[in-house]
Every structure is written in C-alpha cells, then in structure tokens.
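Below, chains carry the letters A, B, ... as their sequence lines are ordered, and counting in each starts from 1.
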2 protein chains.
Amino acid sequence: MTTKTRKERNTALPLNTILDGDCIERMNALPEASIDLIFADPPYNLQLRGDLHRPDNSKVDAVDDAWDRFASFESYDQFTKAWLKAARRLLKPNGAIWVIGSYHNIFRVGAALQNEGYWILNDVVWRKSNPMPNFRGKRFTNAHETMIWASRDEGAKYTFNYEALKALNEGVQMRSDWVLPICTGHERLKDENGDKAHPTQKPESLLHRVLIGSTNPGDVVLDPFFGTGTTGAVAKMLGRDFIGIEREEAYRKVALKRLEKIRKYDKDALQVSTSKRAEPRVPFGQLIERGMLRPGEELFSMNKRHKAKIRADGTLIGDDVKGSIHKVGAELEGAPSCNGWTYWCFRRDGKTVPIDVLRQQIRAEMRDRPN
Amino acid sequence: MTTKTRKERNTALPLNTILDGDCIERMNALPEASIDLIFADPPYNLQLRGDLHRPDNSKVDAVDDAWDRFASFESYDQFTKAWLKAARRLLKPNGAIWVIGSYHNIFRVGAALQNEGYWILNDVVWRKSNPMPNFRGKRFTNAHETMIWASRDEGAKYTFNYEALKALNEGVQMRSDWVLPICTGHERLKDENGDKAHPTQKPESLLHRVLIGSTNPGDVVLDPFFGTGTTGAVAKMLGRDFIGIEREEAYRKVALKRLEKIRKYDKDALQVSTSKRAEPRVPFGQLIERGMLRPGEELFSMNKRHKAKIRADGTLIGDDVKGSIHKVGAELEGAPSCNGWTYWCFRRDGKTVPIDVLRQQIRAEMRDRPN
DNA sequence: TCTGTCCGTGAATCGACTA
DNA sequence: TTAGTCGATTCACGGACAG
C-alpha cells in the first residue's frame with residue numbers, strides 16, 4: 001500500500017474522462033491498486049442464428065454488432081480472463097467488481113472470476129418488469145439478467161452501505177433480486193437518425209442501486225465497457241469519480257454529450273421507480289403448485305349448480321368446457337365473463353370454502369414478507 | 001434411434017426405484033439414450049477445502065491460498081464434468097436437463113454444461129418468497145437460486161409445454177423468474193429426532209413446474225442426487241416414471257417412506273392445455289370440398305385492405321397474386337409470412353367471419369368422431 | 001387539458017413437415 | 001440433404017395522435 005493520500009493518488013488518474021482504444025491495453029496503462037469499484041458490462045456472445053419476427057411480422061432489431069461475435073467459447077474465455085486479470089490489478093485491496101451478463105456468458109464470467117482470485121459476494125438478479133416476450137413460444141420469457149458482485153480478495157473489507165440500501169427498499173433489507181424496468185423512453189439515447197444509439201443501454205436505476213450500495217462519495221469507479229456511459233452518468237450524479245474506456249467512437253461521442261448535461265445530485269434525474277403496486281396478481285395455478293388444491297379435486301360453483309375438476313396446469317374441466325377458472329365459470333353460466341376467484345369453492349372438512357380464501361392467504365404472506 | 005417401443009425400452013430400466021451408491025457409476029451402468037429428463041441438485045461443498053491429489057495419487061502440498069483455491073475448484077470441476085458427461089450419455093436425443101445451484105457452484109456448472117455440448121435453453125431464477133435474511137448485514141439477502149435448463153444438443157426438439165405453463169400463470173407466458181416459497185411446514189421432512197431430514201430439501205411446487213413444463217406423462221425422469229426424493233414424489237403424482245440415485249442411506253430411507261404415501265393424480269387431472277400446434281392439420285381445400293366455402297367466393301383480409309377470390313383447388317387469386325391462403329396473405333401484406341387462417345374472413349348474413357372458425361368446426365367433428 | 005387508441009419496441013442463442 | 005410450404009406466435013410501456 002502506498003502512503004499517498006487519496007487526492008495525490010487520484011491526480012495520476014484520468015478522472016471523469018473516456019479513454020479510447022482496447023480496454024485491456026488501457027487498463028494495463030493505469031496505476032495498480034487505484035480503483036475502488038469496477039462495473040463491467042462485457043459483450044454477451046449471444047450467438048444468434050437467423051432473423052426473428054414478432055407475431056405481427058415486424059422484425060426484431062437484434063444485437064448483431066461485430067463486438068459481440070466470438071469465434072468460440074475458448075476465444076471468449078481467453079478474452080474474459082485477460083480483462084478480468086487487468087481489472088484486478090487496478091483494484092485497491094478492498095475494491096470490488098460488478099459484472100453483468102445473461103446465460104450466454106455469465107457462467108463463463110463467473111467461473112473466470114473465481115479462477116482469477118476474486119471472491120464472489122452475491123449474484124444479483126435484475127428482474128425486468130418489461131422484458132421482451134418469447135415470440136415463438138419455445139422457451140421461457142427471458143426476463144432477467146444476472147450480475148455478479150465480487151471483492152478483489154477473500155476476506156477484503158469491501159464497501160456495503162447496508163442502511164442506505166435498506167432505506168431504498170422501504171425499510172426492508174435489500175434482497176439479491178431487483179425488479180427494475182429496462183431502459184426506454186427519454187432515457188434511451190438516440191443517434192442522429194433517431195435510432196437507438198446503443199443496442200444494450202442499461203437503465204440508470206440499476207447503476208444507482210449498485211453505486212449507492214457499494215461505493216462512497218469520492219470513490220473512483222471504472223467501466224471498461226463504457227458504451228453510452230450510464231455508469232459515468234450515475235457516478236457523476238452521485239458525486240463519484242469515473243473512468244470510462246470505450247473502443248467505438250460513436251458510443252464515446254454520445255456518452256460525452258450525455259455527461260455534459262449531467263449535474264451532481266440532480267435528484268430529478270434519479271427517479272427510482274417506486275411505483276405503488278396494486279394487489280399482486282396471484283395465478284390460480286400457484287394454488288396447485290403450492291399444494292393448496294390438488295389436481296383431480298372438484299370445485300363447486302357458489303350457487304351449487306355446477307362443478308368442475310382441477311387439472312395439473314391450473315385449468316378446469318367441466319361438462320364439455322375447459323379453460324381457466326374464469327372462462328369455465330362464464331361458459332357454465334352462459335355469461336360473457338365471470339370472476340372465477342369468487343365463483344368457485346372447494347370442500348374442506350365438510351365445509352364449502354371460496355377459493356379466494358387461498359388467494360388471500362398467499363397475498364398475506366407476500367405482505368408479511370414484502371418483495 | 002432404436003425401433004423398440006417405449007414400453008420395451010423402459011423394462012430395461014429400474015423405474016420408480018432408488019439406486020444406492022455413487023451416481024456416476026450408477027449412471028454408467030444404465031442404458032444410453034433412455035432418459036427423457038434429468039433434474040439434478042448437485043452438492044457444492046464437495047471437498048471445497050480438501051486436498052488435491054496428483055494423477056499418481058501423491059498429495060499436492062498446498063503452498064499458498066491461491067493454489068489451495070485452485071485445487072478445490074479444480075476438483076469440483078472434475079467432479080462436475082464427470083457426472084454431466086455420464087448424464088448426457090443417458091439422455092435421449094431430444095432429452096433435457098435441469099441443474100439447480102447457487103453462486104458458489106452454478107457458474108462452474110453452467111460453463112461445464114456448455115463445454116460438454118449441452119445447449120442452454122434458459123436460466124431460470126427461483127425467487128424465494130421467504131428466504132433466510134442476511135443476519136450480519138454484510139451482503140444482500142440471498143433470496144434466489146439459479147436453475148439451468150439445457151437440451152442434450154443444439155437444435156434438439158426438446159419438450160416444452162408452453163400452453164400448460166401459460167395456463168399455470170393465469171394466461172400470461174411463463175417468465176424466467178419464478179416466485180415460490182421455500183420448503184417448510186408439513187412438506188419439510190423430519191428425521192427420527194424431529195430435525196430436518198435434509199438440509200436443502202426443494203419444494204414440490206418447484207418440481208411441479210419443471211415437470212409440467214418439460215415432460216409428458218409416461219416420461220422417465222432421472223435424479224442423480226435424489227436426496228429425500230422431491231423429484232420422485234412429484235414425478236409419481238404427475239404420472240411420470242422416475243429413477244433416483246442417492247448415496248446416503250438415511251436419505252434413501254426417508255425418501256422411500258415418502259414415496260409410498262404418494263398417489264398419482266387421476267387421468268383427467270393430468271391432461272393439460274395444449275397448443276394449436278398439436279391439433280391435426282386441416283387443408284384449406286377441405287372447406288371447399290365440404291361446401292363450407294364456394295369457388296368464386298371472395299375473402300377479405302382482417303384489416304379490410306385486401307380481397308381475393310377462392311379457386312376450386314383451394315388456392316386464392318388476388319391482384320397479381322395467386323397461391324395458398326398463406327402465400328397470398330403474405331404477398332399482399334409485403335410480409336415474410338402470414339397465417340392465412342387468421343388473416344382471411346368471409347361474409348355470411350352481412351357479417352364478417354374468420355375462416356379459422358370453419359377449421360375449428362372441422363376439428364371439433366374430428367374429435368367427436370375420430371378418423 | 002384530458003382520455004382513449006394505436007403503434008412501436010426491447011441483450012433472443014425462438015419450426016415442422018413433406019416432397 | 002435441401003427446398004418449399006404450412007402456419008404458430010407477444011408483454012409492458014411510452015409516445016403520438018385523435019377526439
């Protein structure tokens with residue numbers, strides 16, 4: 001450890017600038033043990049095949065940029081190992097790193113982090129409130145991305161602002177899954193043509209939580225895959241210093257323009273979506289999955305005129321009708337619609353109980369243990 | 001592929017039993033390409049601080065922390081690679097695997113899956129509604145575990161019951177983040193002393209969703225780390241066959257007792273919603289042959305912008321375009337493809353009716369009077 | 001100014017069958 | 001093996017525009 005003060009050390013650093021060129025070379029040229037936090041959003045190596053269309057036949061604007069293409073897993077691994085090694089040299093002994101990725105690359109990144117000597121503190125799941133659906137119905141909606149938070153070394157005294165995060169989370173301890181919307185609307189940067197300036201711009205709310213939680217004011221944050229500069233923008237707002245590295249000139253240009261407009265502590269720009277939620281939706285299927293009702297069990301209508309049997313996928317089957325609790329109720333009553341939750345009952349110990357009671361139980365659980 | 005029937009193949013398998021001993025040896029003794037789905041919850045604390053032995057079985061002297069760390073990861077990787085390789089040999093060509101883990105091991109498992117030739121379909125986050133809090137306030141509450149779903153090969157026709165999962169989720173397609181409670185209460189198995197029988201018993205709700213989504217009734221499900229048998233229990237309920245492998249006698253005993261009590265749901269209850277893809281194909285020409293539509297009659301596009309005339313052979317002719325209902329629809333819209341069934345309408349009694357209605361009529365007849 | 005409707009779009013490893 | 005054809009498939013928002 002050097003005996004220089006923070007200020008002296010930092011004067012050797014190109015603070016609050018964007019460096020061009022290759023991130024590994026650039027990192028190797030910076031002084032060791034000088035960075036408090038690294039946030040990295042490396043290429044995901046998506047390996048996309050053909051085009052994809054939405055059901056309305058519009059074409060999905062996929063990530064087909066050259067920077068995301070690697071010849072093989074081996075070459076991706078090599079690249080990952082190299083930049084993680086360079087990054088680790090830059091970290092102060094109590095420094096930490098965040099890396100974000102999807103299932104295409106995150107397992108390789110996580111293994112490389114461990115191999116290089118980083119110590120994983122948490123994996124954090126960014127659950128997207130508005131992800132792109134799976135258009136062909138062939139897989140689960142890809143509704144999350146994974147972030148890995150790791151300290152430089154095992155046993156390091158990393159920064160973790162527990163109380164600040166708890167406050168951000170309405171007084172409850174922050175969990176490893178964060179629900180945040182993707183970057184859209186005015187926040188999404190456009191190029192001269194009005195197209196999105198970067199295919200994978202991250203929302204500021206995500207970086208806000210990362211930086212509040214794992215840095216202090218005055219800390220130096222490095223982003224080796226700077227893109228359009230979300231990390232820099234949020235760092236500047238929050239009074240942290242940043243260093244960006246970005247190879248593509250077009251991205252640097254957009255980022256520079258963006259950063260000029262940012263003011264420190266501009267609270268308005270830091271809106272963290274805390275939209276008051278309505279009563280959470282509870283799918284009927286959860287009552288079956290949770291064993292509150294059994295497949296094969298019979299439900300009875302409130303008026304006792306109809307009955308239907310529960311199937312393993314949470315649909316009902318009655319006389320000649322099958323479908324959701326709402327649809328079957330409506331068809332049996334000859335009504336245009338029906339609230340299945342209040343229409344159907346089940347039997348327990350000789351008593352008839354509305355299924356809505358079970359939904360209330362689940363909601364009560366969710367209230368007791370929010371999030 | 002063999003020409004044996006499912007029944008013949010399955011008689012070679014120790015169905016619905018728990019095998020003892022080492023899972024890799026046991027897997028190697030089973031016939032190849034015989035398993036539809038594998039669900040695996042591998043241990044991650046395997047000798048994590050243990051000794052590393054050279055190939056000649058001499059012990060490596062752990063000189064420093066870095067080497068010790070490397071040694072433990074190395075041995076875990078070896079173990080992971082070995083069981084994944086054995087598992088892959090057992091899978092049918094269209095078989096698939098689920099592996100569950102936490103940040104301690106899931107990155108190494110995911111990378112090994114990719115290295116062994118599995119093709120990742122999704123990573124799915126089990127988001128625990130009631131996790132254990134982080135008592136020391138040093139990290140985020142560890143509130144999720146990660147599951148990886150992968151097919152044996154790229155391009156395989158894996159099983160995915162899209163409509164059943166959608167039904168389970170109240171009509172909205174299932175996402176990659178599942179909110180389910182951890183295993184507690186009566187479901188949590190106890191040993192003779194009243195202590196929990198297994199440290200990481202998985203909830204049945206989790207397996208219910210996995211098995212409904214990625215198997216069909218009669219499929220064979222293997223769990224090489226059977227534990228107290230949640231996979232077997234849910235498989236039995238859902239009319240799937242299982243094979244369990246478990247090394248610890250205490251767990252096998254608890255699992256056996258548990259499985260005895262399980263009853264399979266009745267047949268109706270196991271029927272789930274299916275997609276239109278599974279419905280029989282109806283050529284458009286049949287509507288003309290059956291006199292439901294007449295040659296010379298005009299069809300109108302959904303958006304009323306186009307029309308075309310029906311020809312006797314079941315093709316359409318519009319302005320400068322002729323061909324199938326799909327081809328003409330696509331060309332008129334300038335779209336890469338078009339589902340003619342939902343695109344075209346005909347007129348009856350002044351009303352506009354989608355031609356798909358006629359197809360539904362034919363399909364209903366086919367169901368009532370097969371062949 | 002407000003409300004309702006329509007349209008656009010987001011890190012995506014997104015067919016099956018027959019000739 | 002390949003080419004052609006059939007035909008299945010989407011959720012949450014934000015912005016623009018019309019009334």
Side-chain angles (χ1 to χ4, degrees), chain A residues 41-65 67-70 73 100-106 126 128-146 179 181-188 190 194-196 198-203 225 227 273 275, chain B residues 114 118-123 150-151 154-158 160 162-163 166 169 171-176 274-279 281-285 303 314-315 323-330 335-344 355-356 359:
Chain A
D41 183 9
Y44 287 9
N45 188 21
L46 286 186
Q47 306 176 72
L48 301 179
R49 303 294 193 247
D51 287 341
L52 178 66
H53 291 89
R54 298 187 179 79
D56 66 3
N57 274 322
S58 62
K59 194 178 152 199
V60 173
D61 184 17
V63 178
D64 54 359
D65 306 75
W67 50 253
D68 196 51
R69 285 196 287 270
F70 292 81
F73 282 135
I100 184 167
S102 67
Y103 67 84
H104 310 84
N105 71 323
I106 198 66
W126 169 27
K128 303 179 185 184
S129 55
N130 49 347
M132 183 156 64
N134 185 288
F135 297 116
R136 305 299 293 270
K138 305 305 286 184
R139 302 183 178 194
F140 298 96
T141 308
N142 215 328
H144 74 276
E145 290 186 30
T146 301
V179 181
I182 60 177
C183 183
T184 59
H186 293 301
E187 191 187 324
R188 188 84 194 209
K190 303 285 193 289
D195 299 323
K196 58 189 176 194
H198 193 284
T200 70
Q201 187 184 339
K202 296 292 174 287
F225 307 97
S273 61
S275 56
Chain B
Q114 292 178 313
Y118 291 92
W119 190 247
I120 298 183
L121 299 166
N122 276 113
D123 60 334
S151 58
E154 180 181 359
K157 288 182 207 151
Y158 53 90
F160 185 58
Y162 177 74
E163 290 295 338
K166 192 171 169 180
N169 197 33
V172 181
Q173 72 177 200
M174 190 70 81
R175 299 168 37 121
S176 60
T274 55
S275 94
K276 266 194 256 176
R277 270 185 273 257
E279 302 265 344
R281 212 171 70 83
V282 177
F284 177 69
N303 55 27
T315 58
S324 71
I325 52 172
H326 316 292
K327 190 178 169 194
V328 173
S337 71
C338 169
N339 183 347
W341 289 107
T342 52
Y343 180 74
W344 295 107
I355 59 172
D356 205 28
R359 182 171 65 160

Novice: Say we look at C:dA12 and D:dT5: how far apart would their C1' atoms be, to the nearest angstrom?
Specialist: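 Result for the C1' pair: 25 Å, nearest Å.
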Novice: Name the closest nucleotide to the B:Ser337 side chain, picking from C:dA11, D:dA8, C:dT13.
Specialist: D:dA8
Novice: In whole angstroms, how far is the P atom of C:dA12 from the CG atom of A:Asp65?
Specialist: 12 Å
Novice: Counting only side-chain heavy atoms from C-beta out, which of C:dA11, C:dA16, C:dT13 sits nearest to A:Arg139?
Specialist: C:dT13
Novice: Any ion pair linking B:Arg277 and B:Glu163 (charged N to carboxylate O, less than 4.0 Å)?
Specialist: no
Novice: By nearest nucleotide on DNA chain C, pick out whichever of A:Gly137 and A:Pro131 is the more 5' one.
Specialist: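 By nearest-heavy-atom nucleotide position, the 5'-most residue is A:Pro131.
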Novice: For D:dA8, does OP1 or OP2 lie under 4.0 Å from any side-chain N or O of B:Asn339?
Specialist: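 Result: yes.
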Novice: For DNA chain D, whose closest nucleotide is more 5', that of B:Trp341 or that of A:Pro55?
Specialist: B:Trp341
Novice: Under 4.0 Å, counting only non-hydrogen atoms across every strand here, what does B:Lys157 touch: a base, just sugar-phosphate, or nothing?
Specialist: sugar-phosphate
Novice: How would you label the glycosidic angle of C:dT13: syn (within 90° of 0) or anti?
Specialist: syn
Novice: Between C:dG10 and A:Lys202, is there an OP1 or OP2 to side-chain N/O distance shorter than 4.0 Å?
Specialist: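 No, outside the criterion.
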Novice: At under 4.0 Å between heavy atoms, what does B:Ile120 touch on the DNA or RNA strands: base, sugar-phosphate, or nothing?
Specialist: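 Here B:Ile120 touches the bases of the nucleic acid.
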Novice: Mind calculating the distance between NZ (A:Lys128) and P (D:dG14) to the nearest angstrom?
Specialist: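 So the NZ-P distance, A:Lys128 to D:dG14, works out to 16 Å.
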Novice: Does the structure show a Watson-Crick or G-U wobble partner for D:dT9, both distances under 3.5 Å? Name it, or say none.
Specialist: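 Its partner is none (no Watson-Crick or G-U wobble pair with both distances under 3.5 Å).
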Novice: Among the nucleotides C:dA12, C:dC14, C:dA11, which one has an atom lying closest to any side-chain atom of A:Glu145?
Specialist: C:dA11
Novice: Roughly how far apart, to the nearest Å, are C:dT9 and D:dA8 at atom P?
Specialist: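 Between the two P atoms, the distance is 27 Å.
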Novice: Between B:Thr342 and B:Ser324, name the one whose nearest nucleotide on DNA chain D is closer to the 5' end.
Specialist: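 Closest to the 5' end, via its nearest nucleotide, is B:Ser324.
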Novice: Look at the side chain of A:Pro133 and decide which nucleotide, out of C:dA11, C:dA12, D:dT10, has an atom nearest to it.
Specialist: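 Of the options given, the side chain of A:Pro133 lies nearest D:dT10.
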Novice: With the side chain of B:Arg359 defined as its heavy atoms from C-beta on, choose the nearest nucleotide among D:dT9, D:dC13, D:dG7.
Specialist: D:dG7
Novice: Under a 3.5 Å limit for both distances, which nucleotide forms a Watson-Crick or G-U wobble pair with D:dG15, could you say?
Specialist: C:dC6
Novice: Report the nucleotide, chosen from D:dT9, C:dG15, D:dC6, that has the shortest atom-to-atom distance to any side-chain atom of B:Arg281.
Specialist: D:dC6
Novice: Do A:Glu145 and A:Tyr44 get their side chains close enough for a donor-acceptor pair, meaning under 3.5 Å?
Specialist: yes
Novice: In whole Å, what is the span from the NZ atom of B:Lys327 to the P atom of D:dC6?
Specialist: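 Spelled out: NZ on B:Lys327 to P on D:dC6 is 9 Å.
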Novice: Using both distances under 3.5 Å as the test, list the Watson-Crick or G-U wobble partner of C:dA12, or none.
Specialist: none
Novice: Check every strand shown and say whether A:Lys59 touches a base, only sugar-phosphate, or nothing at a heavy-atom separation below 4.0 Å.
Specialist: nothing
Novice: Using a strict threshold of under 4.0 Å (side-chain N to carboxylate O), is an ion pair present between A:Lys196 and A:Asp61?
Specialist: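 Yes, A:Asp61 and A:Lys196 are salt-bridged.
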Novice: Please tell me which of the listed nucleotides, D:dG7, D:dT9, D:dT10, lies nearest to the side chain of B:His326?
Specialist: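 Shortest atom-to-atom distance from the side chain points to D:dG7.
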Novice: Nearest to the side chain of A:His186, which nucleotide is it out of C:dA16, D:dG15, C:dT9?
Specialist: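 Of C:dA16, D:dG15, C:dT9, D:dG15 is nearest to the side chain of A:His186.
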Novice: Output the single nucleotide from D:dT9, D:dC11, C:dT13 whose closest atom is nearest the side chain of B:Gln114.
Specialist: C:dT13
Novice: Say we look at C:dA11 and D:dG7: how far apart would their C1' atoms be, to the nearest angstrom?
Specialist: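 Per the computed distance, 28 Å lies between those C1' atoms.
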Novice: Can you confirm whether A:Lys190 is buried at NZ, in the sense that more than 12 heavy atoms of other residues, nucleotides or ligands lie under 6.0 Å from that atom?
Specialist: yes
Novice: Nearest to the side chain of A:Asn130, which nucleotide is it out of C:dA11, D:dC11, D:dC13?
Specialist: D:dC13
Novice: Check whether the ring centres of A:His104 and B:Trp119 lie less than 6.0 Å apart, and answer yes or no.
Specialist: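 No; B:Trp119 has its ring centre 6.0 Å or more from that of A:His104.
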Novice: Ring-on-base stacking between A:Phe135 and C:dC14, under 5.5 Å between centres and under 30° between planes: is it there?
Specialist: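 Given the distance and angle limits, no, they do not stack.
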